[in-house]
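All remarks here apply to the structure that follows.
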There are 2 protein chains.
Amino acid sequence: MGVEEKKAGLRDKEATKCRILDAAEEEFARGGLMGARTDAIACKTGTTKSMIFYHFRDKEGLYQAVLERAVARRMRVVQSIDLHAPEPEDSLRALVAALLDDVGSHLNLTAIFMYEAIQNKGKYYSEISLASVYVPLIDLLKRGISDGKFREMDPLHAAVNIVGMCVFYYCSHENIKHLWSPGTELLSKEMREQHKREAIEQIIAGVKKFS
Amino acid sequence: MGVEEKKAGLRDKEATKCRILDAAEEEFARGGLMGARTDAIACKTGTTKSMIFYHFRDKEGLYQAVLERAVARRMRVVQSIDLHAPEPEDSLRALVAALLDDVGSHLNLTAIFMYEAIQNKGKYYSEISLASVYVPLIDLLKRGISDGKFREMDPLHAAVNIVGMCVFYYCSHENIKHLWSPGTELLSKEMREQHKREAIEQIIAGVKKFS
DNA sequence: GTCTATACGAGGATAGAC
DNA sequence: GTCTATCCTCGTATAGAC
């Protein structure tokens, strides 16, 4: 194998797999497992369909690989947050902010997670990977409740509702944009920042105890 | 045409269309426009594929018809609520409760709306139909803010976030069920009621002004 | 208004050369 | 490890009989 080829990634196994995964991520984000077309993926990679089946066995295998990489990424974001600040509110703000940033800057993954939920009913990821995102949030809410800083509430429902608030704007941005004045780009830096501020305040207000 | 045939709905145009729409609703809820298969729809109706194309021209036409019916239904729910109660909080509680009941008891429509957002980017419904659901909520929030009963906030973002909270639980129920103790059925009457209570309290707390 | 048969293209997957 | 050619099923859509 020539060095030039390796540099260009043309005959480098890992580089090729990565390129396929990137292209697949885009395509699965468009239509989910069912809607994605393998030729579309192949087309975007610059390689051929055969490479997909060679490296990932079949469409399902590719999907699983995409999903695993996506979950790992999201997991890293959640686990990078310090959840033991003295005030649970501060940790919650940090966690939600990080989640919103990640959701907003990786729209493909956000769409894929939503598809996985409604289309495949979570079949393709383990309970562990889902829990790794929710459990820190749930634990944080529990701590706030027992500290008397948060309302009495069911932390599971609250956590799910919080995640829902974080992702819904981004899942439906093309859909709801007409609510704003014409031409408003919901994914612009300014709008994303505004959404973050609004969502955080709404989430905090929703769980905080005002006594 | 014999009366018996008409009674059984076998040669009744409207009855047949309705049966197709019902079956299509189920199928589109499974995989969206892209993922739905016309044979699956035909199979569920008891009629044949040809009937679908006869009555609705093509798959897209059928999808549009399903969506229109769905939007009309949701619109009726929203418009049935009295949004001018003296206390905006009371109207908001009523609106959210009605929305949650409708979302939870028509899961197919809920999934279809989500698909329409992420898969088709709202292409298949008019701006008007979307607005008809959001605008009453937005107006209600505006009233609450100007009355000094709700926090200072952007009513558009808040409305989107509220809808997100209402639908996310139901969109991802199969996905998140492992967060609860094994065997918990998130769609049971009890869990739906609990989710409604929790969501309403979280939503109200999220917008209310505690001065 | 409904059914059967079928055209035809799309899409997932494989074989085998290089 | 990569490419070309190909197979074959599935799925949309139509034609035409009843």
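Nothing here was measured: the structure is a model prediction, and the numbers come from that model.
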[X] [atom1] - [N] [atom2] separation (whole Å):
{"X": "H55(A)", "N": "dG1(D)", "atom1": "NE2", "atom2": "C1'", "answer": "7 Å"}
{"X": "K13(B)", "N": "dT2(C)", "atom1": "NZ", "atom2": "C1'", "answer": "13 Å"}
{"X": "M51(B)", "N": "dA13(D)", "atom1": "CE", "atom2": "C1'", "answer": "13 Å"}
{"X": "I20(B)", "N": "dC3(C)", "atom1": "CD1", "atom2": "C1'", "answer": "13 Å"}
{"X": "E14(A)", "N": "dT2(D)", "atom1": "CD", "atom2": "P", "answer": "11 Å"}
{"X": "F56(A)", "N": "dT2(D)", "atom1": "CZ", "atom2": "P", "answer": "11 Å"}

Sidechain N-carboxylate O distance under 4.0 Å for R69(A), D22(A):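 D22(A) and R69(A): salt-bridged.
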
Could you tabulate the donor-acceptor pairs under 3.5 Å formed by side-chain atoms of residues 110-117 of chain B, not counting sequence neighbours?
residue, atom, partner, partner atom, Å
T110(B), OG1, V103(B), O, 3.1
T110(B), OG1, H106(B), O, 3.1
Y115(B), OH, R30(B), O, 2.8
E116(B), OE1, Y63(B), OH, 2.6
E116(B), OE1, N120(B), ND2, 2.8
E116(B), OE2, K123(B), N, 3.2
E116(B), OE2, Y124(B), N, 2.7

Can a side chain N or O of [X] be found less than 4.0 Å away from OP1 or OP2 on [N]?
{"X": "Y54(A)", "N": "dG1(D)", "result": "yes"}
{"X": "T16(B)", "N": "dT2(C)", "result": "yes"}
{"X": "T48(B)", "N": "dT4(C)", "result": "no"}

Contacts of type salt bridge (Lys or Arg N to Asp or Glu O under 4.0 Å), residue E68(B), not counting sequence neighbours: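 For E68(B) there are no salt bridge (Lys or Arg N to Asp or Glu O under 4.0 Å) partners, ignoring immediate neighbours.
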
Those residues that, when tested against K59(A), pass salt bridge (Lys or Arg N to Asp or Glu O under 4.0 Å) (two or more places apart):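 For K59(A) there are no salt bridge (Lys or Arg N to Asp or Glu O under 4.0 Å) partners, ignoring immediate neighbours.
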
Qualifying salt bridge (charged side-chain N to carboxylate O under 4.0 Å, His left out) pairs, either residue in residues 88-111 of chain B, two or more places apart: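 Listed by first then second residue: R74(B)-D102(B), E89(B)-R93(B), E89(B)-K208(B), R93(B)-E201(B), D101(B)-K196(B).
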
Of all pairs that satisfy salt bridge (charged side-chain N to carboxylate O under 4.0 Å, His left out), the ones with a partner from residues 39-48 of chain B, not counting sequence neighbours: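 Every salt bridge (charged side-chain N to carboxylate O under 4.0 Å, His left out) pair that includes a residue of residues 39-48 of chain B, provided the two are not neighbours, is E26(B)-K44(B), E27(B)-K44(B).
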
Under 3.5 Å between N/O atoms: give me all the protein pairs with nucleotides 10-14 of chain C, atom names plus distance.
residue, atom, partner, partner atom, Å
dG12(C), OP1, A36(A), O, 3.2
dG12(C), OP1, K59(A), NZ, 3.2
dG12(C), OP2, T38(A), N, 2.8
dG12(C), OP2, T38(A), OG1, 2.3
dG12(C), OP2, D39(A), OD1, 3.2
dG12(C), N7, K49(A), NZ, 3.0
dA13(C), OP2, K59(A), N, 3.1

